[in-house]
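Quick caveat, the model's predicted, so the values are computed rather than measured.
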Protein chains: 2
Amino acid sequence: MNLKELAASLGLSPTTVSRALNGYPEVSAATAARVVAAAREHGYVPNSVAKRLATGRAMAIGHVVPQSEHDMINPIFADFIAGAGESYSQAGYNMLISVVPAEEEAASYTALATARSVDGVIVHGPAAQDPRIEWLEDLGLPFIVHGRTAGRQPHSWMDINNRRAFHKATDLLIDLGHRRIALLNGLERMDFAHRRRIGYEDALGAAGITIDPGLMFSADMTEPYGFQTAMQLLKSPEPPSAFLASSLITALGISRAISACGLKLGQDVSVVTHDDALWFLPNQGEVPMFTSTKSSVRAAGKRIAQMLIDQIEGRAEPGVSELWEVEMIQGQSTGPGPFSQNKEHGLEQPHLRAQRFS
Amino acid sequence: MNLKELAASLGLSPTTVSRALNGYPEVSAATAARVVAAAREHGYVPNSVAKRLATGRAMAIGHVVPQSEHDMINPIFADFIAGAGESYSQAGYNMLISVVPAEEEAASYTALATARSVDGVIVHGPAAQDPRIEWLEDLGLPFIVHGRTAGRQPHSWMDINNRRAFHKATDLLIDLGHRRIALLNGLERMDFAHRRRIGYEDALGAAGITIDPGLMFSADMTEPYGFQTAMQLLKSPEPPSAFLASSLITALGISRAISACGLKLGQDVSVVTHDDALWFLPNQGEVPMFTSTKSSVRAAGKRIAQMLIDQIEGRAEPGVSELWEVEMIQGQSTGPGPFSQNKEHGLEQPHLRAQRFS
DNA sequence: CGACGCTTTCAAACCGCTTTGATTACTTCG
DNA sequence: CGAAGTAATCAAAGCGGTTTGAAAGCGTCG
């Protein structure tokens, strides 16, 4: 059943039927109702492809995912997609994902733009200096960056305050009496990891603690990365008394290493981690396992998709940005360090300290 | 630059240009070469929407993801997508993902089919009895199921041998001298979990071990699920000496609980898990952490996408199926149990036993 | 009563590509 | 030399919608 047939069955022209279904005012209320009823009865759904050709709107948002040794398709991406998908389906958009070899990424954006397959794209995992912003600017394709990058042009983005989050996380550990704090960061060519490192270094600097390059690591955020790095550090002559991790996954690895060394998490060694609030790693409960800087990547996906749709539909200007502050969650993974001011802290039960502070 | 303009600039008709670009033989070799060169020079890319309308082929595969309390978008889905995406981009297909409220799932398939937005779909996470097979059969939309279901009609599917995998895993533990083996399964309304449970029960039955419902659990495969369930069991009067887990994520939780109870993984308590070979949880190395039944979900995604494309393009008949056997990986998480025949096993170094057997 | 304005409907053009069914130019053969 | 066959090209008709511009129907007013 297509539009022409539906129109014929109603004794109307395709024009009128089309208008009736799209809610244009030129059609009388009575006819409109009749058309809508008939459409529902026959189970008529307009052919999306024809509609797109006629309107020039793809009603789709693209996500280009380069595949390289450092895989972008990870659980964080999955949660982001889940959030974005909610916004898309509410607004009637489709989500188009292209998994392409890294070297074809630029070509992939060009193809999406010239073939008009999508109305806009979301840029994932921006590097500290990311060429994609310029590509997209040149192509005239609307886009929003999940994160930020140090491009010349102003561009639309949404990010969490990574620098501030890690500054505060580091402060927390320093206040607890920690001085040797290891940083297990993500890949520092990525903007988010770069900013987190600056936050960490700033906090150490402000406290007059010398920055030790031997305590800073940067890698893909896997569990074994956390485990192996922590093992190596804990067995070293001068082990850190605290760890700061960029992902709960890595933090789990660290915690495994702590156990393996016969130490107690939150007593002998403290850990603070960023928590993307991933579905399969809920860090919740009365007193969550990990003290963390928490921000739902799923919520971010939902919001960014909405921002992009607003921009495409002209409800928002390009060049907007949002910066979310993270939530600080007190968990069981932190305790007083070797330079603690008030030693009685150590006797205090962790669950009595449970609280949230932003 | 569209086809008409390109044709005009060459002094040819759109017909000839279209044929030249699509490699039809009716056009002379010389003209064809000239057209291809001009197209490249002008950066001409055919409008995908117009092409789709004209050919009736969407050149897209759909993935409908219902969102419910039991979230389908999880790291396993992400890895699957990564694999499928490879096949799609090689074959020139797009991947369309619809995240919809669970109650709109049926409507979503209908819309995809009638709007001709996709040429086929992949069905994820089939339940033991799944209504979607019938829906899709009725809609006439080509599809392949990742997993299986007990539907009446034969349908195309690709699955791993879940029953056999868990049968063998259970056998392994029994052979090591374990009798009380806890099963931390996924949701048993899902087909894969149902089959795993049967494999587990069959193996116990064959060994003459009474099945204890108090040792069988079914839930979403999160880390805390593993931790809490294992804690509870290990503190019970009759703790199990071994665990069988459906996911490495859950296995990590179990291992955390074992440490928390002051026990040693692979010595005091054994764990075997299924391993989907997720990117951020590599269970590799000379002697991997966990003894596991391993099968890359990413490889499955790649293969299933290929099967579906073959079916759509008429290279394969519908109704085909593939059953993959899993690989058994010997890791550090298993050791002799309380009923071990040869006690000297306990002294053996795990890494000396390292081997693979299928 | 005819001109006018307003609402409602429609025929036809269009979006950019593919494909069918000519048409033309050039060989080949009886 | 004309008929027939073949290769190369093209005009036009789709695909299934939207949208423009015109027309029809109807009540109102001078």
Please tabulate, one pair per line, each protein N/O and nucleotide N/O from nucleotides 24-26 of chain D that are separated by under 3.5 Å, including the distance.
none

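- A donor-acceptor contact closer than 3.5 angstrom links the side chains of B:E322 and B:W324.
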Atom pairs and distances, side-chain donor-acceptor, residues 33-44 of chain B, under 3.5 Å, sequence neighbours left out:
from  : atom 1 : to    : atom 2 : distance (Å)
B:H42 : ND1    : B:A38 : O      : 2.9

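- Contact of the B:L308 side chain with the B:I61 side chain is registered, since non-hydrogen atoms from C-beta on lie closer than 4.5 Å.
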Sequence-aligned protein contact record of nucleotides 15-20 of chain D, with B where the base is within under 4.0 Å of a protein heavy atom and S where only the sugar-phosphate is: BBBBBB

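- In this structure, the side chains of A:L323 and A:I160 stay at 4.5 Å or more apart for every pair of heavy atoms.
- A donor-acceptor contact closer than 3.5 angstrom links the side chains of B:Q311 and B:S156.
- Taking five base pairs at each end of the helix from C:dC1-D:dG30 to C:dG30-D:dC1 and finding the rotation axis that steps the C1' atoms of four pairs onto the next four gives two axes whose angle is 80°, to the nearest 10°.
- Ring-plane geometry between A:F143 and A:H155 is classed as parallel, the angle between the planes falling under 30 degrees on a 0 to 90 degree scale with a further cut at 60.
- Residues that satisfy the salt bridge (Lys or Arg N to Asp or Glu O under 4.0 Å) test with A:R116, not counting sequence neighbours, are absent from this structure.
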Which protein N or O atoms sit under 3.5 Å from an N or O of nucleotides 22-24 of chain C?
none

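- Contact detail for B:A91 and B:M59: the closest heavy-atom pair is O-CE, 4.1 Å.
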